[in-house]
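Accompanying notes for the structure given below.
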Amino acid sequence: TSWRDLFLSWLQSTGGVLEQDGYGVSQKRQRPYRVAIAEFQKNLSGNPPSELTITDARGYISWLQESSGLSPRTQQGRLICLKNLLKIGVQRGLVDSNPFAELAINTPAGLSDEQGYRPFTKQELITVFETLKDEGTLHYRLVPYILIATGCRLNEAVQLRTTDIKQTEAGIWYIDWRHEPTASLPVMLKTKAKNNRCCPMHPLLVEAGLPKYQSKTATRVFTDAPSNTAFSQWFKKKLIGLEIWEKKKTVLHSIRGSARDLWRAAGMPQDYRNAITGHQSSEIGESAYGAGLRQMPDVVFKELVKIDLSWVPQEE
């Protein structure tokens, strides 16, 4: 039994490849498993999984903690990958035992207190957007406006298609975010169809010019957008230059937290906040029956428009 056998068995157990089958796991979720396998073979043992021992497993943990240079959270993720692969192998009779089964990497004391991105202050946001308003590259200029106005994830913003920009009969512009992994231009949402929603555009986005990219022919709005990692690194350099960057505290994702804080401060009800970001409603009846607020952009807009974003600098 090879590592490839275990990897393919794991794919089958999850339903397949998301981009090909419409269910299963995405290429992004597969990557950590491939990396964990490659690291283990390179640094610990070239033996097949069926010959691994508890000594090999403990050696991998020692390597992760002492030599890998990875953060504790990433170390834990690597171990979980191999643990899952061997677990599937045992279930399917490919290997006799899982030497990783009872092993774990604990979170160092005090680390949990340091985790978590903080939202930007209002003045920090003004400083950031003052710098971005004249940015010549479309995705670098417009994506941050989408993040602050919708509270969406970076991955959702950069996948935006021209056909996802729509307008209701009442004239309200909105973004129709929909999980469509097998479309000619696929859209991958974090929690799949549970994240589907029609997110109304705040006037800030309309003024920034997003509606003009609407088209009946599907293309990416941000055709040249880099990977999420590269995008985040670009933003980090901006923050460093503005002296706003704090290690593991202020990042591009902080804009999402800032947006939600603005909604809370304005008294927007939680169900409306959930409808905008695609989170599940706190009421079982709301999330289980009917279209719900996530499919009512006209209704949600009445709350969203109350959020004052007039202070956000824009291109003149």
Side-chain angles (χ1 to χ4, degrees), residues 18 23 26 28-29 115-122 125 142-161 163-181 186-206 208 210-211 221 228 251-310 312:
L18 189 60
Y23 43 81
S26 66
K28 183 177 180 180
R29 277 190 59 200
Q115 294 175 350
Y117 306 129
R118 73 164 177 84
F120 292 112
T121 65
K122 182 176 179 178
L125 288 172
L142 193 51
V143 165
Y145 284 93
I146 296 175
L147 300 181
I148 192 62
T150 69
C152 73
R153 298 177 176 88
L154 172 62
N155 191 50
E156 295 172 337
V158 296
Q159 292 182 92
L160 188 63
R161 302 169 298 193
T163 49
D164 297 328
I165 300 172
K166 301 179 180 180
Q167 193 173 27
T168 69
E169 293 182 0
I172 301 302
W173 288 99
Y174 68 97
I175 299 173
D176 188 6
W177 267 304
R178 196 163 298 278
H179 183 69
E180 295 179 341
V187 171
M188 313 280 283
L189 303 183
K190 183 174 182 180
T191 55
K192 304 181 176 61
K194 292 181 179 179
N195 253 162
N196 289 353
R197 77 267 193 200
C198 297
C199 179
M201 288 189 200
H202 189 279
L204 176 74
L205 278 185
V206 178
L210 184 57
V221 173
N228 287 0
V251 295
L252 188 60
H253 198 66
S254 295
I255 299 180
R256 177 175 166 89
S258 301
R260 293 183 68 86
D261 275 355
L262 289 170
W263 302 341
R264 293 186 187 100
M268 181 186 289
Q270 181 177 340
D271 283 348
Y272 284 81
R273 303 197 305 264
N274 290 343
I276 294 173
T277 57
H279 288 141
Q280 289 296 303
S281 170
S282 57
E283 297 290 336
I284 295 178
E286 285 294 317
S287 60
Y289 303 100
L293 288 172
R294 289 189 296 172
Q295 301 302 319
M296 298 179 179
D298 289 320
V299 176
V300 176
F301 179 77
K302 294 177 181 178
E303 287 292 329
L304 183 63
V305 76
K306 296 177 183 178
I307 309 301
D308 177 22
L309 293 178
S310 62
V312 177

N/O donor-acceptor pair under 3.5 Å between [X] side chain and [Y] backbone:
X: S258; Y: F120; answer: yes
X: H179; Y: L189; answer: yes
X: T191; Y: K194; answer: no
X: N228; Y: L154; answer: no
X: W177; Y: N195; answer: no
X: Q167; Y: Y174; answer: no
X: E156; Y: C152; answer: no
X: T277; Y: G151; answer: no

Do [X] and [Y] have side chains that approach each other closer than 4.5 Å (heavy atoms only, starting at C-beta)?
X: K306; Y: M268; result: no
X: V187; Y: L160; result: no
X: L210; Y: W173; result: no

Interatomic distance, Y272 atom OH to K302 atom NZ [nearest 0.5 angstrom]: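 If we round to the nearest 0.5 Å, Y272:OH and K302:NZ are 8.5 Å apart.
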Non-hydrogen atoms of M201 and L304 that approach each other most closely: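 Shortest heavy-atom separation between M201 and L304 comes out as C-CD2, 4.1 Å.
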Residues E180 and R161 bridged, charged N to O under 4.0 Å: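 Yes, charged N to carboxylate O under 4.0 Å.
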